[in-house]
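Everything numeric in this text was worked out from a predicted model, so none of it was measured. Quick note on labels: first sequence line is chain A, next is B, and so on, each numbered from 1.
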Number of protein chains: 2
Amino acid sequence: MNIGEAAAKAGLPAKTIRYYEDIGLVKPGRDTNGYRAFVAADVHKLTFLAHARTLGFSIEDCRDLLALWEDTDRASADVRRIAQDHLARIEAKIVDLQNMRDTLKTLVRDCAGDDRPDCPILQSLGDPHKKTPA
Amino acid sequence: MNIGEAAAKAGLPAKTIRYYEDIGLVKPGRDTNGYRAFVAADVHKLTFLAHARTLGFSIEDCRDLLALWEDTDRASADVRRIAQDHLARIEAKIVDLQNMRDTLKTLVRDCAGDDRPDCPILQSLGDPHKKTPA
DNA sequence: CATAGGCCTTCCACTCACTGGAAGGTCAAG
DNA sequence: CTTGACCTTCCAGTGAGTGGAAGGCCTATG
């Protein structure tokens, strides 16, 4: 199967798959014409990658997860640790964004949003004595 | 004032300030020795930038906000629009991350995390029929 | 006066995870 | 034989900096 079909099946752009090969995440064979030749296992791997990336795992996390995935003797604790670390990072990011959102909401709420030049958003951003919000 | 002092006052690394000059966000003067010479207005601008970046505004948003900040005739509605657009992007991101978090939480919860190779996280990530979660 | 160190300067390369595009080869259909 | 859809490689750019090298400047001390 050529890259186009593999891309469609895995739900990834062909360009991304070439990139994944570049960085050693997948190693499809080659036809005599030089085209990449994907087998079912390659597509499965790509699907795995697509899911993991959708969940926000970094490429390096994906590399580790793939290695564990291919190691039938792995301990589930290893996988769990990666997932939990990632979960912690996501939760931290959510808190960060929520703080930003709250600050922004306050600013937007206090801004008349009319033709007058008076704007509490700019005032707040420019205040040198203000503690950096969020 | 040299870049080090400006950096300390604005709460930004000197490298970042040089970068901001590079992309035209600030235009400090120069001493005869070639050192950047920052005046209070420059530091104020940098403080503004630091706050806006902390709130997650993109550099291009910051450029627009700075222009509005310097335009005493601006309409507060212009500022408000930028802030509201940004707020919407942040809220969308929060939802994304919350979905990720929920999926990951489920996976982590279902994973024994022991020495056995059996791992629902890897199973779920590799399942080709599975709808991409989150 | 020399030198040490702490600033400052520029420039180049690297990050992350792709994405866009150019230039060119291959293949099946009409 | 040509068209058009594929495929190939390679180069460059994204955002927002960060790290480091090579070298200039300034102040304080011996």
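Aromatic ring orientation, B:Trp69 versus B:His44: perpendicular (interplanar angle above 60°, classes split at 30° and 60°).
Atom CG in B:Leu46 sits roughly 12 Å away from atom P in D:dG17 (whole-Å rounding). The interatomic distance linking A:Glu5 (CD) with C:dC27 (P) rounds to 17 Å, in whole Å. Atom CZ in A:Arg63 sits roughly 12 Å away from atom P in C:dC18 (whole-Å rounding). Residue B:Leu49 contributes atom CG, which lies 13 Å from atom C1' of D:dA16 at whole-angstrom precision. Atom CG in A:Asp22 sits roughly 12 Å away from atom C1' in D:dC11 (whole-Å rounding). Look at CZ on A:Arg89: it is 14 Å from C1' on C:dC16, rounded to the nearest Å. At whole-Å resolution of the value, CG in B:Leu12 and C1' in D:dG17 are 11 Å apart. Summarising the geometry, the separation between CD on A:Glu60 and P on C:dC16 is reported as 7 Å, rounded to the nearest angstrom.
The shortest distance between side-chain heavy atoms of B:Arg89 and B:Asp61 falls below 4.5 Å. Between A:Arg101 and B:Lys93 the shortest side-chain heavy-atom distance does not fall below 4.5 Å.
Within the 4.0 angstrom heavy-atom criterion, only backbone atoms of the sugar-phosphate kind lie near B:Tyr20; the bases stay farther away. Counting non-hydrogen atoms under 4.0 angstrom, B:Ile23 reaches nothing in the nucleic acid. Using a 4.0 Å heavy-atom cutoff across all strands shown, B:Arg18 reaches at least one base atom of the nucleic acid.
Minimum atom distance to the side chain of A:Arg36 is reached by D:dT8, of the listed D:dT8, C:dT10, D:dC26. Of the candidates D:dC26, C:dT26, C:dT19, C:dT19 carries the atom nearest the A:Tyr19 side chain, counting heavy atoms from C-beta on. Of the candidate nucleotides D:dC25, C:dT26, D:dG17, D:dC25 has the atom lying nearest to any side-chain atom of B:Asn33. With distances taken from any side-chain atom of B:Pro13 to the nucleotides C:dT9, D:dT18, C:dC18, the minimum falls on D:dT18. Residue A:Lys15 places its side chain closer to C:dG21 than to any other of D:dG19, D:dT8, C:dG21. Considering only side-chain atoms of A:Ser58, the nucleotide from C:dT10, D:dG19, C:dA17 that sits closest is C:dA17.
For B:Arg30 and B:Glu21, the salt-bridge test passes: some basic side-chain N is under 4.0 Å from an acidic carboxylate O. The residues A:Lys105 and A:Asp102 are annotated as not salt-bridged, no charged nitrogen and carboxylate oxygen being separated by less than 4.0 angstrom. Look at A:Asp42 and A:Lys45 and you find no salt bridge, because none of the NZ, NE, NH1 or NH2 atoms lies under 4.0 Å from a carboxylate O.
Residue-to-nucleotide proximity on DNA chain C shows that, of B:Ile3 and A:Thr32, the 5′-proximal contact is made by B:Ile3. Each of B:Ile59 and B:Tyr35 has a nearest nucleotide on DNA chain D; the 5'-most of these lies closest to B:Ile59.
For D:dG17, the OP1/OP2 oxygens have a side-chain nitrogen or oxygen of B:Arg53 closer than 4.0 Å. Here A:Thr16 reaches the OP1 or OP2 of C:dT19: one of its side-chain N or O atoms lies under 4.0 Å away.
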